[in-house]
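Okay, structure first, notes after.
Side-chain atoms are counted along with the backbone in the values below, which use heavy atoms only and exclude waters and symmetry mates. A, B, ... follow the sequence lines: proteins, then strands. Residue 1 opens every chain.
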Amino acid sequence: MDKNEIRQTIARRAALELHDGDIVNLGIGIPTMIPNFLPEGVTVTLQTENGMIGMGPTPEEGKEDQNMINAGGGFITAVDGAASFSSATSFGIIRGGHVDATILGAMQVDEEGDLANWMIPGKLTPGMGGAMDLIVGAKRVILAMEHTQKGNPKILKKCNLPLTAKGQVNLIITEMGVMEVTPKGIVLKELHPEFTVEDVQAATEATLIIAPDLKPMQL
Amino acid sequence: MKKLISVEEAAAMVKDGMTIMVGGFLSVGSPIKLIEAIANGPAKDLTLICNDAAYPEKGSGRLIAAGKVKKMILSHMGTNPLAVAGFNDKTLEVEFSPQGTLAERVRAGGAGLGGVLTPTGIGTVVEEGKQKITIDGKEYLLEKPLHADMAILGANIADEDGNLIYKGTTQNFNPMMATAADLVIAEAKEIVKTGNIEPERVHTPALFVDYLIQG
């Protein structure tokens with residue numbers, strides 16, 4: 001798979017985790033591709049942390065509204081029925097458990113569901129923005145990420161970068177498969193047909209538990 | 001009381017060493033004209049409380065580019081290379097606060113609360129030096145309120161009394177910041193006669209707003 005196929009595979013599989021009517025907050029990168037892959041009959045409502053629920057698609061060129069952006073600063077539209085509000089209300093929605101799922105990327109994730117995705121000391125120090133609140137507050141935390149970073153495992157026994165949150169990750173979706181974080185460890189539940197279990201384990205530092213009913217990755 | 005003043009009069013109220021809350025999210029909902037006037041004015045060594053460092057040429061980041069900022073309390077600065085460089089070479093002091101926590105700290109500062117208890121940041125560097133309190137078996141961080149000498153806001157519509165309406169995603173931190181500073185100045189794109197905004201449409205009631213400027 002080339003880079004584009006990898007990203008599409010991850011986004012397509014992640015889209016299957018969403019249910020009709022879900023309130024969803026998507027991170028930057030691969031997660032922003034997910035709405036393109038929602039199965040027929042599934043409509044979700046997108047929340048943007050800077051203060052709106054009911055985010056619509058990117059406006060056509062020339063039709064941008066200077067008052068309407070997403071959390072990355074890109075121009076957005078509002079669907080019918082959208083509502084905008086303050087950051088306090090927005091994070092009340094996030095922290096208060098009113099967001100059904102957040103799907104985001106990761107630098108590192110580990111066997112205990114700890115996540116690091118906001119800082120590399122001395123190298124990358126943008127700040128956590130809303131990530132810490134989102135991961136603590138969303139009902140389900142789903143990572144949609146490439147399995148490795150330049151060949152190095154990102155799914156570790158223990159994160160060594162500063163954490164974004166402790167023990168909050170529920171599901172990890174990569175181009176190699178789908179993994180669930182459980183109290184016993186990370187369970188490989190679906191395997192992409194291009195890879196073997198051994199391939200996935202070789203690209204993963206954490207010891208994978210192989211689900212007894214391991215399935216081919218739904219694509 | 002007449003609240004409408006010039007941008008220059010508003011900028012002249014900014015003094016060395018002040019702590020200023022700046023409304024806006026990546027400059028959307030920021031008082032753009034007032035920021036430009038402060039950037040061109042004499043006041044320095046400012047502490048800014050704002051969601052993000054926006055961009056070097058627009059929003060709160062304009063004040064970093066103008067060399068006016070000593071410290072920032074914010075959630076994100078990845079869009080402003082000047083802020084990141086200042087943080088890395090220690091010419092800019094930065095206190096990171098998770099975005100939802102920052103919003104609540106400002107709200108608490110304006111609402112007479114002694115702080116907020118949040119699960120956000122537990123088990124991360126954010127908890128360092130903070131009190132942890134267990135309520136019904138769940139652990140929370142005590143995050144203290146924020147208050148400022150001045151808050152500068154960006155609104156879409158104001159009436160002459162200072163009632164404010166924000167459009168689209170421009171509310172962000174503005175409504176909370178309006179409540180949490182000694183002096184509050186709102187820059188409005190449109191100013192209408194008092195009576196032209198129905199009470200239930202007001203986002204920020206006029207009592208919080210000391211001065212208005214035309215955006």
Below 4.5 Å from any heavy atom of chain B, which atoms of [X] appear? Answer side chain, backbone, both or neither.
X	value
A:T89	neither
A:I94	neither
A:N70	backbone

Separation of [Y] [atom2] from [X] [atom1] (nearest 0.5 Å):
X	Y	atom1	atom2	result
A:E49	B:S75	CD	OG	7.0 Å
B:H76	A:W118	NE2	CH2	10.5 Å
B:F173	A:S90	CZ	OG	9.5 Å

So for B:Y55, is it side chain, backbone, both, or neither that comes closer than 4.5 Å to the heavy atoms of chain A?
side chain
Can you list the residues of residues 130-150 of chain B that sit under 4.5 Å from chain A, counting heavy atoms only?
none
Identify the residues of residues 80-101 of chain B whose heavy atoms come closer than 4.5 Å to a heavy atom of chain A, ordered by number, or report 'none'.
B:V84, B:F87, B:N88, B:F96, B:S97, B:P98, B:Q99, B:G100, B:T101
Note: vs chain B, highest number of non-hydrogen pairs under 4.5 angstrom among A:A131, A:G51, A:A88 is A:A88
If only side-chain N and O atoms count, and only distance matters, is there a donor-acceptor pair under 3.5 Å linking A:S87 with B:N172?
no
Hey, is the main chain of A:N50 close enough, under 3.5 Å, to the side chain of B:T169 for a donor-acceptor pair?
no
